[in-house]
Amino acid sequence: MKKSIIILNLVMAGGGDYALGKKIKDIARSTQAEGVLFTVSSESKSFKIEGEEKFNQGKKMNYRDCVIVVTPYSIKSPVPLASVLADLFFQLGIINCDTVILIDEMDITRDFCSSDRDYKAALSSLGLKNISVHSLGFSKKSLGYLSMPDQEVISIQKSAKQDIIKLLDSYNLSLPEDCALYFAYLSSDTIFTCAQIFIINTLIEDRNTPGNSAYVFVCREEHVIQRLLIKLKGSFLSPPHNDLFSEFHLSSITDESKVINHGYNRGAGNKKIHICITKTLPSTMFKNLTSISKTGMMSGDQSLSDYLSLKKSLPYYDKQPWKEPLIEGLNKRANALGGEELLNKFESMVAGRNPYDGSIAYKLLTPDDVPAPALKNSLLAFNQEVYARKADRQIREILMKYL
C-alpha cells in the first residue's frame with residue numbers, strides 16, 4: 001500500500017464512540033495498510049490527542065500522503081470539524097492528503113446546517129478532492145451495522161452459560177433450567193417506561209411458556225436505580241398487570257458486589273418473576289448475558305450491534321430522541337415486509353422520547369395480542385434481513401478504493 005490510514009476517533013463520555021473507533025480500526029487493519037487511530041475529545045477545538053494506537057506497523061508512517069477517516073463525524077458540526085482537521089494537517093505535516101472518509105454512528109437526527117452537503121462544503125476549504133460521507137444504520141442509504149467478529153461470537157456462545165453459572169455461584173445464586181432470562185441495558189431518561197414495556201410485553205408474549213422469569217437490568221445512571229425499584233414495585237400492585245405473575249421479587253447489586261433484596265409483591269398469576277438491577281457489568285459478562293437471554297432490550301449502537309451479532313434478531317430498544325431516524329428506517333422495512341401487523345409488532349418493541357415535543361412513545365401489549373402464524377414468518381424474515389446488513393465489507397471496499 002502506498003498510502004497510510006489515519007483514523008480520527010471523536011469521542012464523548014459514553015463507550016460507544018470508542019467502540020466504533022476500534023471497529024473501524026480493525027477493518028482498516030484488514031487492508032494491510034499502515035495506520036494509526038487517534039482518539040480526540042469531541043470538546044476539543046483543535047487536534048489534541050488523548051490516545052494513539054498504531055496498526056500494521058512496518059516502515060515509518062506516511063503522514064504526507066494518507067487517507068483520513070473521521071468517526072463518528074457528526075459529533076462535531078461542519079465548520080469546527082474542518083478546523084480540527086486543518087490543525088491535524090498542520091501538526092502532522094500532511095500536504096498530499098486529498099481524501100477524507102466520514103463515517104457516522106447509526107442513523108441520527110442532525111442539527112441545522114449539518115447535512116452531508118454542509119460537511120462537504122466545509123471540508124472542501126481544506127483542498128480535499130474526495131470527501132466520502134457515510135452513515136451506519138438501517139435507513140435506505142445507510143451501510144448497516146458493524147458486527148462482532150465471527151470467532152468472538154462462537155467463543156461467547158460456547159462459554160456464556162458456564163461463565164454465568166460461575167458468576168451466580170459467587171453470589172450464592174442459581175438460574176434453574178426452566179427459568180427464562182431477560183436482559184436489558186437502559187441508558188435514556190425514560191428507563192421506567194422502557195423497563196415496564198419490556199417486562200409486560202415479554203410476559204404477555206411468553207405467557208404460555210412454562211417456568212419462571214428472571215430479568216437483569218443494567219442502568220447506566222446509578223442515581224435512577226432506587227427510583228426505578230420503587231416505581232416498578234408500585235406499578236404491578238393492581239390489575240391488569242398483577243395477573244401476569246404469582247410473585248414479583250426485586251433486588252439490586254451494589255458496587256460492593258452485594259445483592260440487596262427489596263421485597264416482593266403477590267399477584268394473581270402462576271409465574272414467579274425476579275428483577276435484579278445493577279449499574280454496570282464487565283464487557284464479557286454483558287455479552288454472556290446477551291447470548292443466553294431469551295429476549296433483550298438494548299440502547300444506543302454498540303449494544304444493539306452486539307445483540308444482532310449474537311442473537312441474529314432485533315432486541316427491544318430503549319430509544320434516545322436523536323435515534324428517531326434509526327427507528328423510522330426499521331419501521332419502513334417492517335411495513336414493507338409484513339404490513340401493519342409486523343409494524344405494530346416492531347412498535348411494541350421500542351420505547352423512548354419523541355425528538356421534537358419530548359413526549360414518550362410506547363405500545364403496551366394486551367392479553368388479547370396473540371401473534372398469527374403469518375406474523376411469526378414476517379418477523380423471522382425481518383430479523384434475517386436486518387442481521388444480514390453488515391457494514392464491514394462495504395467500509396473495507398470504501399477504504400480500498402482510495403488507498
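Throughout, numbering of the chain's residues begins at 1 and tracks the sequence.
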Open item on the list: Please report the interatomic distance SG(C219) to CG(L186), rounded to the nearest 0.5 Å.
Closed with: 5.0 Å
TODO: Please round to the nearest 0.5 Å and tell me the distance separating atom CG of L88 and atom CG of L81.
DONE: 10.5 Å
- [ ] Decide, yes or no, whether a salt bridge links K323 with E105 under the criterion of side-chain N to carboxylate O below 4.0 Å.
- [x] yes
Open item on the list: Determine whether D392 and R396 satisfy the following criterion, salt bridge (Lys or Arg N to Asp or Glu O under 4.0 Å), listing intermediate values before the conclusion.
Closed with: CA-CA 6 Å; D392 310 61; R396 188 178 190 278; over 6 Å; no
- [ ] Verify the neighbour count for atom CZ of F47: are there more than 12 heavy atoms of other residues, nucleotides or ligands below 6.0 Å?
- [x] yes
Task: Exercise: identify the closest heavy-atom pair between Y119 and R110 - done: CE1-NH1, 4.2 Å
Task: Contact check, side chains of S46 and S83, non-hydrogen atoms, under 4.5 Å - done: no
Task: Polar side chain donor-acceptor pair, H249 to S251, under 3.5 angstrom - done: no
Task: Between S115 and D118: side-chain donor-acceptor atoms closer than 3.5 Å - done: yes
Open item on the list: Using a 3.5 Å distance criterion without hydrogens, assess whether the side chain of E347 forms a donor-acceptor pair with backbone atoms of K363.
Closed with: no
- [ ] Answer with yes or no whether the side chains of S252 and H262 bring together a donor and an acceptor at under 3.5 Å.
- [x] yes
Open item on the list: Given 3.5 Å as the limit, does a donor-acceptor pair link the side chain of N242 with the main chain of G267, or not?
Closed with: no
Open item on the list: For the CG atom of L167 and the CD atom of Q162, what is their distance to the nearest 0.5 Å?
Closed with: 12.5 Å
Open item on the list: The test is side chain to side chain contact (heavy atoms under 4.5 Å, CB included); show your working for Y185 and R220 and say whether it passes.
Closed with: CA-CA 8 Å; Y185 170 57; R220 190 170 71 180; 3.3 Å; yes
Open item on the list: Looking at D116 and K120, is any side-chain nitrogen of the basic one under 4.0 Å from a carboxylate oxygen of the acidic one?
Closed with: no
Open item on the list: Quick check for you: to the nearest 0.5 Å, what is the distance between W322 atom CH2 and I108 atom CD1?
Closed with: 9.5 Å
- [ ] For the residue pair Y182 and D206, confirm or rule out a side-chain donor-acceptor distance under 3.5 Å.
- [x] yes
- [ ] Kindly give the heavy-atom pair with the smallest separation between A351 and I197, and that separation in Å.
- [x] CB-CG1, 4.2 Å
Open item on the list: Determine whether F286 and F183 satisfy the following criterion, ring-ring contact (aromatic ring centres under 6.0 Å, His included), listing intermediate values before the conclusion.
Closed with: CA-CA 9 Å; F286 191 103; F183 180 53; 4.9 Å; yes
TODO: Give a yes or no on whether a salt bridge exists between D169 and K166, defined as a side-chain N under 4.0 angstrom from a carboxylate O.
DONE: no
Task: F217: which of I191, L232, I225 passes side chain to side chain contact (heavy atoms under 4.5 Å, CB included) - done: L232
Open item on the list: Closer than 3.5 angstrom, by distance alone: can the side chain of N212 be matched with the main-chain N or O of K272 as a donor-acceptor pair?
Closed with: yes
TODO: Indicate the atoms forming the closest heavy-atom contact of T109 with P321, along with that distance.
DONE: OG1-O, 4.1 Å
Task: side chain to side chain contact (heavy atoms under 4.5 Å, CB included) assessment of C194 paired with Y316 - done: CA-CA 9 Å; C194 292; Y316 278 73; over 6 Å; no
Open item on the list: Within the structure provided, determine whether D318 and S187 are in side-chain contact (heavy-atom separation under 4.5 Å).
Closed with: yes
Open item on the list: For a quick test of reading the model, state the closest non-hydrogen atom pair linking L146 to K23 and the distance between them.
Closed with: O-NZ, 2.9 Å
- [ ] With rounding to the nearest 0.5 Å, note down the distance linking CD1 in I164 to CD1 in I292.
- [x] 4.5 Å
- [ ] May I ask you to test the V350-F346 pair for a side-chain heavy-atom distance under 4.5 Å?
- [x] yes
Task: More than 12 heavy atoms of other groups within 6.0 Å of K22 NZ - done: no
Open item on the list: Would the distance check show the side chain of N56 and the main-chain N or O of A33 forming a donor-acceptor pair, the cut-off being under 3.5 Å?
Closed with: yes
Task: Under 3.5 Å donor-acceptor, D163 side chain and I156 backbone - done: no
- [ ] Mark yes or no for whether S303, through its side chain, and M298, through its backbone, hold a donor-acceptor pair below 3.5 Å.
- [x] no
Task: N354, CG atom: more than 12 neighbouring heavy atoms under 6.0 Å - done: yes
Open item on the list: Testing the basics here: between L228 and A195, what is the closest heavy-atom pair and its distance to 0.1 Å?
Closed with: CD1-CB, 4.1 Å
Open item on the list: side chain to side chain contact (heavy atoms under 4.5 Å, CB included), that's the test. Do L37 and I24 meet it? Break it down for me.
Closed with: CA-CA 9 Å; L37 169 70; I24 297 297; over 6 Å; no
- [ ] Report yes or no: does D111 contribute a side-chain atom to a donor-acceptor pair with the main-chain N or O of S77 at less than 3.5 Å?
- [x] no
Open item on the list: Run the side chain to side chain contact (heavy atoms under 4.5 Å, CB included) test on L20 and D301 for me, step by step, so that the C-alpha distance in whole Å, both residues' side-chain angles and the decisive distance to 0.1 Å come before the verdict.
Closed with: CA-CA 9 Å; L20 176 56; D301 289 3; 5.9 Å; no
Task: Side-chain heavy atoms of R333 within contact of V386, under 4.5 Å - done: no
Open item on the list: Has D107 got a side-chain atom pairing as donor or acceptor with F138's backbone, closer than 3.5 angstrom?
Closed with: yes
TODO: Before accepting this row, confirm whether a basic side-chain N of the pair K3/D98 lies closer than 4.0 Å to the acidic partner's carboxylate O.
DONE: yes
Open item on the list: When you measure from the side chain of S291 to the backbone of K287, do you find a donor-acceptor pair of N or O atoms at a distance under 3.5 Å?
Closed with: no
- [ ] Determine whether more than 12 heavy atoms belonging to other residues, nucleotides or ligands lie under 6.0 Å from atom CD of E43.
- [x] no
Task: Verdict with supporting geometry, K319 and E328, salt bridge (Lys or Arg N to Asp or Glu O under 4.0 Å) - done: CA-CA 12 Å; K319 178 181 71 69; E328 287 177 353; over 6 Å; no
Open item on the list: I need the N377 CG to L337 CG distance, nearest 0.5 Å.
Closed with: 12.0 Å
Open item on the list: I'd like to know if the side chain of S42 reaches the main chain of V11, judged simply by a donor and an acceptor atom lying under 3.5 Å from each other, with no hydrogens or angles considered.
Closed with: yes
Open item on the list: Between the side chains of E52 and K25, is the shortest nitrogen-to-carboxylate-oxygen separation below 4.0 Å, so that they form an ion pair?
Closed with: no
Open item on the list: If only side-chain N and O atoms count, and only distance matters, is there a donor-acceptor pair under 3.5 Å linking N130 with T99?
Closed with: yes
Open item on the list: Between T71 and I7, is there a side-chain heavy-atom distance shorter than 4.5 Å?
Closed with: yes
Open item on the list: Is a donor from one side chain sitting under 3.5 angstrom from an acceptor on the other, for T202 and Y215?
Closed with: yes
Task: Heavy-atom check, side chain of I68 versus side chain of F38, under 4.5 Å - done: no
Open item on the list: Would you say CG of D150 has more than 12 non-hydrogen atoms from neighbouring residues, nucleotides or ligands within 6.0 angstrom?
Closed with: no
Open item on the list: If I compare all heavy atoms of Y317 with all of G300, which pair ends up nearest, and what's the gap?
Closed with: OH-O, 3.0 Å
Task: Test item: Y73 and V100 side chains (from C-beta on) under 4.5 Å apart, heavy atoms - done: no
Task: Residue pair K233 / N265, side-chain heavy-atom distance below 4.5 Å - done: yes
